[in-house]
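Written below as structure tokens is the structure these notes are about.
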Amino acid sequence: MPELPEVETVVRELKSLIIGKEILSITPLWLKSFDQKSKTKITGQNVEKISRQGKYIIMHLTGSYLIVHLRMTGQMLFKNDNTKVVDPHIRVLIQFTDDTALHFKDTRKFGRIYHVDHPESVLQKVGIDALDPNLKEEWFVSALKKSRMNIKALLLSQRLLSGIGNIYADESLFRSGIHPGSIAARIPGNSMISLFNNIRDVLTSAVENMGSTISDYRDSYGNKGNNQNFLKVYQRNGKPCEKCGRPILKVRMAGRGTHFCNKCQKIYS
DNA sequence: CCATGTACCTGAAGGC
DNA sequence: TGCCTTCAGGTACATG
């Protein structure tokens with residue numbers, strides 16, 4: 001479910017909710033959801049800092065790290081009343097010494113919480129964050145020129161940039177007039193620059209709108225996002241393109257449902 | 001290098 | 001009311 005804007009929304013909330021808290025215990029309710037790679041004891045460690053790389057939430061503890069990936073249906077829900085777990089989809093319970101807690105809810109069980117000594121052990125293959133302020137369009141252009149990949153697959157790969165998923169890949173390509181089946185290196189330079197800027201704009205405004213809720217996404221308070229109301233192609237198949245009025249198409253590409261306008265988005269192959 | 005399929009899971013929705 | 005198929009904000013891994 002969650003892509004960069006949804007994860008960023010959760011990170012911002014968690015910063016205000018749990019920085020400084022001391023961990024009492026962490027309890028896996030579904031074993032695979034918690035990947036214990038560190039030998040350090042979690043009990044007694046404090047949450048000192050929270051950051052994000054792509055779709056990963058990085059909780060910096062006193063002597064180790066908790067790294068969370070929400071995958072399709074994960075939610076990090078903050079609970080003031082650390083009483084009992086009623087929701088059957090809670091997979092990991094993180095309790096703090098002040099009787100508050102985080103409930104990691106994950107219906108489909110794809111998500112993970114890793115406990116590691118070094119973030120690199122999880123983030124090794126993850127590309128630079130798509131909203132990293134140091135990113136330069138010249139770098140993006142030269143990287144695209146080296147790739148023979150289909151542009152949609154490249155954006156989804158997390159290798160070059162991290163944080164873009166199926167919604168924001170389709171939205172960014174639509175706004176840039178690039179057909180998702182285009183070969184990366186064949187896209188004209190000015191369109192590559194347009195894509196770079198549209199990726200950043202689309203993600204930034206989605207963060208301002210607290211992310212997109214299609215079905216499962218919720219922030220740490222359990223609230224839905226608002227950005228689903230501003231999408232131009234994602235799940236708008238059959239509806240008129242905002243630019244030309246022709247119906248938005250949906251096909252399967254890179255293994256995912258892919259939405260685009262066949263007239264407004266040019267294919268470079 | 002790149003594309004495709006499968007696996008991991010649950011639940012909602014649609015067809016018959 | 002079933003029963004069956006397909007699909008879903010993701011990613012890792014195996015196979016051509």
Side-chain angles (χ1 to χ4, degrees), chain A residues 1-11 29-35 52-57 67-76 87-92 104-114 121-127 130 143-173 180-186 199 202-203 206-207 209-219 223-238 250-259 269:
Chain A
M1 73 182 200
E3 308 179 30
L4 187 153
E6 292 75 37
V7 178
E8 175 63 18
T9 301
V10 170
V11 164
L29 303 174
W30 176 257
L31 288 181
K32 284 185 176 174
S33 299
F34 182 57
D35 191 343
R52 180 185 60 73
Q53 184 177 341
K55 302 171 193 170
Y56 291 84
I57 301 167
I67 301 186
V68 182
H69 198 303
L70 303 171
R71 292 284 183 101
M72 297 289 268
T73 57
Q75 302 174 9
M76 284 297 269
D87 191 318
H89 297 121
I90 306 302
R91 308 304 181 193
V92 181
F104 178 52
K105 174 177 172 174
D106 184 20
T107 303
R108 289 177 69 185
K109 301 175 174 172
F110 290 167
R112 288 290 178 276
I113 298 182
Y114 306 90
S121 62
V122 173
L123 304 174
Q124 218 154 21
K125 294 177 187 167
V126 181
L144 286 203
K145 285 182 177 170
K146 289 176 197 149
S147 176
R148 299 275 320 151
M149 269 178 96
N150 160 312
I151 187 62
K152 165 109 187 200
L154 180 61
L155 293 179
L156 290 179
S157 75
Q158 311 300 301
R159 222 181 52 205
L160 192 61
L161 292 180
S162 62
I164 302 166
N166 207 29
I167 296 177
Y168 302 110
D170 284 1
E171 293 295 312
S172 302
L173 289 168
S182 298
I183 304 296
R186 298 287 180 83
I199 286 170
V202 160
L203 294 176
V207 170
N209 290 322
M210 311 284 283
S212 301
T213 294
I214 304 302
S215 59
D216 295 283
Y217 170 70
R218 297 292 185 279
D219 69 10
N223 296 323
K224 296 180 179 184
N226 301 310
N227 196 65
Q228 64 276 9
N229 301 316
F230 302 99
L231 302 176
K232 299 193 185 298
V233 284
Y234 185 79
Q235 287 199 345
R236 291 197 67 253
N237 37 310
K250 180 180 180 182
V251 301
R252 187 153 285 268
M253 194 179 291
R256 315 297 300 278
T258 297
H259 314 75
S269 54

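So that the names make sense, note that chain A is the first sequence line, chain B the second, and so on, each numbered from 1. Note that these values count all heavy atoms, side chains included, but never hydrogens, waters or copies made by symmetry.
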Spacing of A/Lys152 atom NZ relative to B/dC2 atom P, expressed in whole Å: 18 Å
Contact under 4.0 Å: A/Arg256 side-chain N or O vs C/dA8 OP1/OP2: no
Euclidean distance for P, B/dA12 against C/dT1 (whole angstrom): 15 Å
Touch class at under 4.0 angstrom, heavy-atom based, for A/Tyr168 against every strand present: nothing
Side-chain N or O of A/His69 closer than 4.0 Å to phosphate OP1/OP2 of C/dT11: yes
Spacing between A/Ile183 atom CD1 and B/dA3 atom C1', to the nearest angstrom: 11 Å
Heavy-atom side-chain contact between A/Arg148 and A/Ile183 under 4.5 Å: yes
Interatomic distance, A/Asn237 CG vs C/dA8 P [rounded to whole Å]: 9 Å
Nucleotide B/dA13, atom C1' - distance to CD1 of A/Ile214 in whole Å: 16 Å
Residue pair A/Leu160 / A/Leu144, side-chain heavy-atom distance below 4.5 Å: yes
Rounded distance (Å) that lies between atom C1' of C/dT11 and atom NZ of A/Lys125: 11 Å
Integer-rounded Å distance: C/dA12 P and A/Met72 CE: 14 Å
Non-hydrogen side-chain atoms of A/Lys232 and A/Glu171 separated by less than 4.5 Å: yes
Any side-chain heavy-atom pair of A/Lys55 and A/Gln158 under 4.5 Å: yes
Inter-nucleotide P distance (B/dT6, C/dT5), Å rounded: 15 Å
Atom-to-atom span, CG of A/Leu154 to P of B/dC1 - whole angstrom: 12 Å
Distance below 4.0 Å between A/Gln158 side-chain N/O and C/dT11 OP1 or OP2: yes
Sugar-phosphate, base or nothing in reach of A/Lys250, heavy atoms under 4.0 Å: sugar-phosphate
Residue pair A/Thr258 / A/Asp170, side-chain heavy-atom distance below 4.5 Å: yes
Polar atom pairs between nucleotides 7-11 of chain B and protein, under 3.5 Å, N or O only, would you list them?
unit_1	atom_1	unit_2	atom_2	d
B/dC9	OP1	A/Lys32	NZ	2.7
B/dC9	O2	A/Arg108	NE	2.7
B/dC9	N3	A/Arg108	NH2	3.1
B/dT10	OP1	A/Lys109	NZ	2.8
B/dG11	OP1	A/His89	NE2	2.9

A/Tyr114 OH to C/dT11 C1', straight-line distance once rounded to whole Å: 9 Å
A/Leu203 side chain reached by A/Val207 side chain, heavy atoms, under 4.5 Å: no
salt_bridge(A/Arg112, A/Asp106) N-O dist < 4.0 Å: no
Sugar-phosphate only, base, or nothing, as touched by A/Asn150 at under 4.0 Å among non-hydrogen atoms: sugar-phosphate
Check: A/Val122 and A/Asp35 side chains under 4.5 Å, non-hydrogen atoms: no
Check: A/Leu123 and A/Tyr114 side chains under 4.5 Å, non-hydrogen atoms: no
Identified stems (criterion: three or more consecutive Watson-Crick or G-U pairs, under 3.5 Å), DNA chain B: B:2-8 with C:10-16, B:10-16 with C:2-8
Sugar-phosphate only, base, or nothing, as touched by A/Ser215 at under 4.0 Å among non-hydrogen atoms: base
Distance-only side-chain donor-acceptor flag, A/Tyr56 / A/Ser162, under 3.5 Å: no
